[in-house]
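Working notes for the structure below.
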Amino acid sequence: MRFFPVKRASCVKGEILLLGDKSIACRSIIISAISCGKTTVENFPPNKDCLWTIKTFKNLGIKITQNQKVKTITVFGNGLCGLNKPKGPIFVGDSGTTLRLTLGVLAGQNFAVTLTAGKSLSGRPMLRVTAPLRMMGVEISARRTPKTKNLTPNTKFEEYPPITIRGGNLKPITYRMPVASAQVKSAILLAGLYAKGKTRVIEPVKTRDHTERMLRLFRAGIKVNENTIVIKGKKELVSPGRILIPGDISSASFFIVLATILPGSRILIKNVNLNPSRTGIIKVLKRMGADIRITNYQLPITNYEPIGDIIIKSSKLKSTIIKKEEIPSLIDELPILMVAACFAKGESVFEGVGELRIKETDRIRSMSENLKKMGADIRVLSATSRGARLPDGQGSAKFATKNGESAKHFGGNFGGKTARLEKIIIQGGRTIIGATVKSFGDHRTAMSMVVAGLAAEGKTRIDNISCINKSFPNFLSLLKTIIQ
Ligand code: S3P
């Protein structure tokens, strides 16, 4: 195995420009494909996940051309019901966004198709999306296993890819989501485009709203009132002709944390997406004392996505408490925030982080195992099924760590029925020392460990970092331009 070596950097300085946001880019293909007209997508990121979205829609008969030199793709939309039955099953790689959102549009097509996935995505729960789609009248079958963990609330089994779906004749539903998930919300909204009448989705906590913004841009009948989104079905979407994908704030987060924790640093990141449903990382870091300034804030296309430049100067961090309600706005940034907490003075607490267990890998495990090897003081508190009652009356739970710590950290309302009552507690300020760590095949764990290694004393080795290509193929080359 080839280990990737990282040694301490003195500081980072300079200016960087990021490729387009993965979530928005993925949606741009899906929504353009089912709209009327041609859409040119600019600043399209050629990461693995987005390439899987392109392949999936090419397999469904959509013409898509790519001009890699200018990072532009053109999607030739075929209308709501214009997808073609593919010759065989479609492999969607390990892209969860591609799989879950594509199920939403397949729910409205009049043919059967099987979606298969790579190893990591094949182990991620799908009942959260198949269940509401079935309520709308879609025929779906998936690999089903008895449930061992509390993955989707109140069921005895869980479902995984491969998934076979036969769409058509959808009825509108009102769906109160048991889990805060933008992918699930988006799948239902996309299916709602095909139902006769109004489909309502109610979120427990607001999640990223890129689908809503883009559907509005394509002139869908969509209304948002606090946590309720209503979509009117049977209305064709109209392409705006051109979409610019703003820089990816999740990619920016690695540089933001690095510049904050390496003394003497100052960097400028240009044209980053500043959608409030994604800027939790900035709010939390500022609360911790980070020196982060936004300039050139603008809305490139009315009502689409806000964009701006971010200036970061190094600063001393203090600990914070991240509340459950904040998690959706920084869900993908939790690994790098764990690194930041190791460099902050005092005890940081990350509440309601259970969803991290079911990302590309179990990120609670990957990050805490790695950071502990580097000398960090991290404890994870998990709920078991016995003991104290949950505040929302959904049964009982007992909290324990390996060293027998009790429930004192779990006061307050957990809300919802998911009962993912996990907390991470990090005692910051300990010396972080280079070690041999693992990416666990997960892009965000790998990049977080590169950042930790650059700020640690001594040398770090990471087992395999090719997984970074899933979201950020030019991560290392950009990093090299700013390391002093
Ligand atoms: C995403 C939503 C989030 C996020 C994922 C991308 C999206 O997942 O973690 O990386 O594009 O909608 P969940 O919807 O499962 O929270």
Side-chain angles (χ1 to χ4, degrees), residues 20-31 45 47-50 52-53 56 92-105 117 120-121 123-132 151-153 158 160-161 175 177-190 201 203-215 229 245-246 248-254 273 275 277-278 280-281 305 324-337 352-364 416 418 420 442-445 447-448 467-468 470-472:
D21 181 87
K22 178 160 84 75
S23 284
I24 303 176
C26 177
R27 284 157 172 81
S28 75
I29 299 163
I30 299 173
I31 296 176
N47 59 56
K48 272 197 170 172
D49 273 12
C50 289
W52 281 117
T53 319
T56 301
V92 300
D94 280 312
S95 172
T97 306
T98 304
L99 176 60
R100 292 187 175 131
L101 271 62
T102 301
L103 285 173
V105 302
S120 117
L121 186 54
R124 295 178 65 188
M126 292 298 148
L127 188 60
R128 51 181 60 199
V129 58
T130 54
L151 296 175
T152 300
E158 186 47 86
Y160 301 92
Y175 192 66
M177 290 176 50
V179 194
S181 160
Q183 292 177 350
V184 174
K185 168 180 67 175
S186 302
I188 304 167
L189 292 177
L190 290 169
V201 183
E203 296 192 273
V205 183
K206 266 184 192 285
T207 61
R208 62 187 71 187
D209 62 356
H210 305 306
T211 304
E212 295 90 309
R213 286 171 188 259
M214 197 169 285
L215 284 173
I229 308 121
I245 311 290
D248 193 326
I249 189 157
S250 296
S251 299
S253 68
F254 301 104
N273 179 223
N275 180 323
S277 64
R278 294 286 297 281
I281 173 99
E305 294 280 349
K324 181 179 185 287
E325 296 72 33
E326 290 182 283
I327 297 295
S329 71
L330 44 74
I331 181 79
D332 292 340
E333 287 64 73
L334 284 165
I336 192 63
L337 277 171
V353 291
E355 282 287 298
L356 275 194
R357 295 259 186 229
I358 49 169
K359 295 294 176 189
E360 281 82 336
T361 189
D362 173 347
R363 286 183 177 151
I364 296 183
T418 323
R420 290 192 173 285
D442 170 40
H443 56 137
R444 301 202 197 280
T445 299
M447 289 184 276
S448 299
C467 49
I468 289 176
K470 186 175 199 290
S471 67
F472 198 173

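All ligand and atom numbering here is 1-based and tracks the order in the structure. For clarity, every value in this text was computed on a predicted model and none was experimentally measured.
The option from Arg278, Lys22, Lys359 that lies nearest to atom 16 (O) of ligand 1, judged by heavy atoms, is Lys359. Checking Gln183, Arg100, Glu360, Lys470 against atom 6 (C) of ligand 1, the nearest heavy atom belongs to Gln183.
Of all atoms in ligand 1, numbered sequentially from 1 with element shown, those under 4.0 Å from a heavy atom of Ser181 are 13 (P), 14 (O), 15 (O), 16 (O). Within ligand 1, the atoms closer than 4.0 Å to a non-hydrogen atom of Ile331 are 9 (O), numbered from 1 in the order shown.
A heavy-atom distance below 4.5 Å is found between the side chains of Ile327 and Leu334. Side-chain contact between Arg27 and Thr97 is present, with heavy atoms from C-beta onward closer than 4.5 Å. Put simply, the side chain of Met126 reaches to within 4.5 Å of the side chain of Pro161, judged on heavy atoms. Between Met447 and Ile336 there is no side-chain heavy-atom pair separated by less than 4.5 Å.
Residues Ser23 and His210 bring no donor and acceptor atom of their side chains to less than 3.5 Å of each other.
Of all protein heavy atoms, the one closest to atom 11 (O) of ligand 1 is Ser23 OG, 2.7 Å. Looking only at heavy atoms of the protein, atom 10 (O) of ligand 1 is closest to Asp332 OD2, 2.7 Å.
Using a 4.0 Å cut-off between heavy atoms, Lys185 makes no contact with ligand 1 at all. Under 4.0 angstrom from ligand 1, there are no non-hydrogen atoms of His210. Only side-chain heavy atoms of Arg27 come within less than 4.0 Å of ligand 1; its backbone N, CA, C and O stay farther off.
We find that Asp21 and Arg208 are not joined by a salt bridge, their nearest charged nitrogen and carboxylate oxygen being 4.0 Å or further apart. A salt bridge links Arg128 with Glu355: the distance from a Lys NZ or Arg NE/NH1/NH2 to an Asp or Glu carboxylate oxygen falls below 4.0 Å. A salt bridge links Arg363 with Asp442; the closest basic N to acidic carboxylate O contact falls under 4.0 Å.
Residue Arg128 has no N or O atom closer than 3.5 Å to an N or O atom of ligand 1. Below 3.5 Å of separation, one finds no N or O of Arg444 facing any N or O of ligand 1. Inclusion of Glu355 in the set of residues having an N or O under 3.5 Å from an N or O of ligand 1 is not warranted.
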